[in-house]
Number of protein chains: 2
Amino acid sequence: MNASAKPERTRLSAEDWEDAALKLIADQGVGALAVEALARQLGVTKGSFYWHFRTREALLQAALERWEQYGEKEVISQIEAMPDPRARLPELFRRVAHELAPHRVYAALLKALDHPQVVPVMARVSQRRMEFLTNIYREAGLVPDEALNRARLTYAAYVGFLQLNFTLGLPRISHEEFDAYVEHMIRTLTPS
Amino acid sequence: MNASAKPERTRLSAEDWEDAALKLIADQGVGALAVEALARQLGVTKGSFYWHFRTREALLQAALERWEQYGEKEVISQIEAMPDPRARLPELFRRVAHELAPHRVYAALLKALDHPQVVPVMARVSQRRMEFLTNIYREAGLVPDEALNRARLTYAAYVGFLQLNFTLGLPRISHEEFDAYVEHMIRTLTPS
DNA sequence: CGGATACCATACGCACGAGTATGGATCGAC
DNA sequence: GTCGATCCATACTCGTGCGTATGGTATCCG
């Protein structure tokens, strides 16, 4: 009944704890973030933890900041590198739709918005992403007001989708059906 | 520092506890549902609670079922009573947008999807609402596949909006701006 | 008006998870 | 090799919130 995952028998750093914390958050939510559970999973005990962090709260904070840093920079820069502005939106949609793994932490944090520590982080991240979206819509030809509202709508649809399909297990949509949904979304949310 | 809200000095029933529980959930989330806190708020002690319910879990269950019952029947029947199918969608959108109070419990439950008891309830409620939406879209002229996907998109936008504006406190959108957003949503999501 | 029933208070036990104290092991530098 | 710094184990304390035990008070019914 020993630790299972990590055969790494080397000593741990603060970053290791933060990564493990993010993984646990993605899997079981912020509420499941307990130091003894984490320690067990890493094959050590609390004694180790409290050497690296002053408190559980500090670990959460560090993990959140780490996640915020890691960011979505690659996606953003790759999208912005595309020459044709009209082609950016469909590409962005398809990309996000097919790389759902990185969004698992975001989905988990969505369920933890009653926790004071996650609110500012989520506010910043969501704000940045929506501004990015707004810009793309403007470059695609919408006037500023329309672009802003369309970005709000699109991002809300993204967030809602995560909730309904990730955490809630609604009728388990199939692969083809999901692709059809994405294309429908592109048709209705993208200026033709 | 005594109980503040209820001047009702009569004795309590199980329904009183369930209502208080729903109110507390709407205000502070499912996680804040503690029996001693609830008792304090009702001006009694735990002794009362454990006469009405076997456990905290039982109260949550009863409260959720009560909420699911209370339902959104009035809204649905009123919308379905409208003669012109094309007029139903805008009306539904505006209605939901301007009566956000009843959605506070739903928003709170959205943040508690890691709790096993709320998942089936939310699954049922969301499923019913989406079927309702799908029907309206079909009656408004969309072919079945389009109607289903449009309903998914619309409901996801609804859920996402609750998350982003209710729980998260994004840039505090103004009243006029919000109305403009709703109209934009109607234009892009409603078959013209 | 007296007793059964419904409702509530008080005082416990108990589990669980955060945080502390302290000593042991391991690694790098000289 | 040994010595200081880094990393970890063991064994506690303590607060919090659920659930229980038991006795008290209000209310209704005959």
Side-chain angles (χ1 to χ4, degrees), chain A residues 1-25 27-64 108 112 114-118, chain B residues 1-25 27-64 108 112 114-118:
Chain A
M1 209 61 66
N2 213 335
S4 46
K6 306 278 179 179
E8 327 281 341
R9 275 282 152 249
T10 171
R11 301 159 102 190
L12 300 175
S13 70
E15 287 76 22
D16 293 327
W17 285 94
E18 296 168 10
D19 285 339
L22 285 176
K23 187 173 180 304
L24 202 159
I25 287 174
D27 287 341
Q28 313 186 37
V30 176
L33 185 60
V35 333
E36 282 170 313
L38 247 194
R40 244 192 320 278
Q41 187 177 320
L42 286 173
V44 292
T45 65
K46 298 163 53 159
S48 171
F49 176 84
Y50 285 100
W51 192 89
H52 294 285
F53 298 93
R54 248 178 35 77
T55 166
R56 185 205 110 118
E57 192 175 334
L59 168 65
L60 217 200
Q61 197 63 37
L64 289 176
D114 35 9
H115 205 112
Q117 289 184 84
V118 323
Chain B
M1 211 61 68
N2 211 334
S4 47
K6 305 277 176 178
E8 326 280 341
R9 275 281 154 250
T10 172
R11 303 158 100 190
L12 301 175
S13 70
E15 286 76 23
D16 293 327
W17 285 95
E18 295 168 10
D19 285 340
L22 285 175
K23 187 174 181 306
L24 203 158
I25 288 175
D27 288 340
Q28 312 186 38
V30 176
L33 184 60
V35 335
E36 282 169 315
L38 247 194
R40 245 192 320 278
Q41 186 177 321
L42 286 173
V44 292
T45 65
K46 297 164 53 160
S48 172
F49 176 85
Y50 284 99
W51 193 89
H52 294 286
F53 297 93
R54 248 177 36 77
T55 168
R56 184 205 111 118
E57 192 176 333
L59 168 66
L60 216 200
Q61 197 63 38
L64 290 177
D114 35 8
H115 205 114
Q117 289 185 84
V118 322

Please state whether the base of D:dT6 and the side chain of A:Arg11 form at least one donor-acceptor pair under 3.5 Å?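 Side chain to base: pair found, below 3.5 Å.
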
Would you call [X] and [Y] a side-chain contact if the rule is heavy atoms closer than 4.5 Å?
X	Y	value
A:Val35	A:Leu59	no
B:Gln61	B:Phe53	no
A:Val44	A:Trp17	yes

Length of the line joining [X]:[atom1] and [N]:[atom2], which is rounded to integer Å:
X	N	atom1	atom2	answer
A:Arg40	D:dA9	CZ	C1'	15 Å
A:Tyr50	D:dT10	OH	P	17 Å
A:Leu12	C:dT26	CG	C1'	13 Å
B:Leu33	D:dT16	CG	C1'	16 Å
A:Arg56	D:dG15	CZ	C1'	15 Å
A:Lys46	C:dT22	NZ	C1'	14 Å
A:Leu59	C:dG19	CG	C1'	14 Å
A:Phe53	D:dT6	CZ	P	16 Å

5'-most by nearest nucleotide on DNA chain C - B:Trp17 or A:Thr55: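 On the 5' side of the pair lies B:Trp17.
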
If you pin B:Trp51 and A:Glu36 to their nearest nucleotides in DNA chain C, which one's is more 5'?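 Going by which nucleotide is closer to the 5' end, it is B:Trp51.
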
Checking B:Asp19 side chain against B:Asp16 main chain: does a donor-acceptor pair fall under 3.5 Å?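 Answer holds: no.
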
Do the side-chain N or O atoms of [X] get closer than 4.0 angstrom to the phosphate oxygens (OP1, OP2) of [N]?
X	N	answer
A:Thr45	D:dC8	no
A:His52	D:dC8	yes
A:Ser48	D:dC7	no

Does a donor on one side chain sit under 3.5 Å from an acceptor on the other, for A:Thr55 and A:Glu57?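 Per modelled atom types, A:Thr55 and A:Glu57 side chains form no pair under 3.5 Å.
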
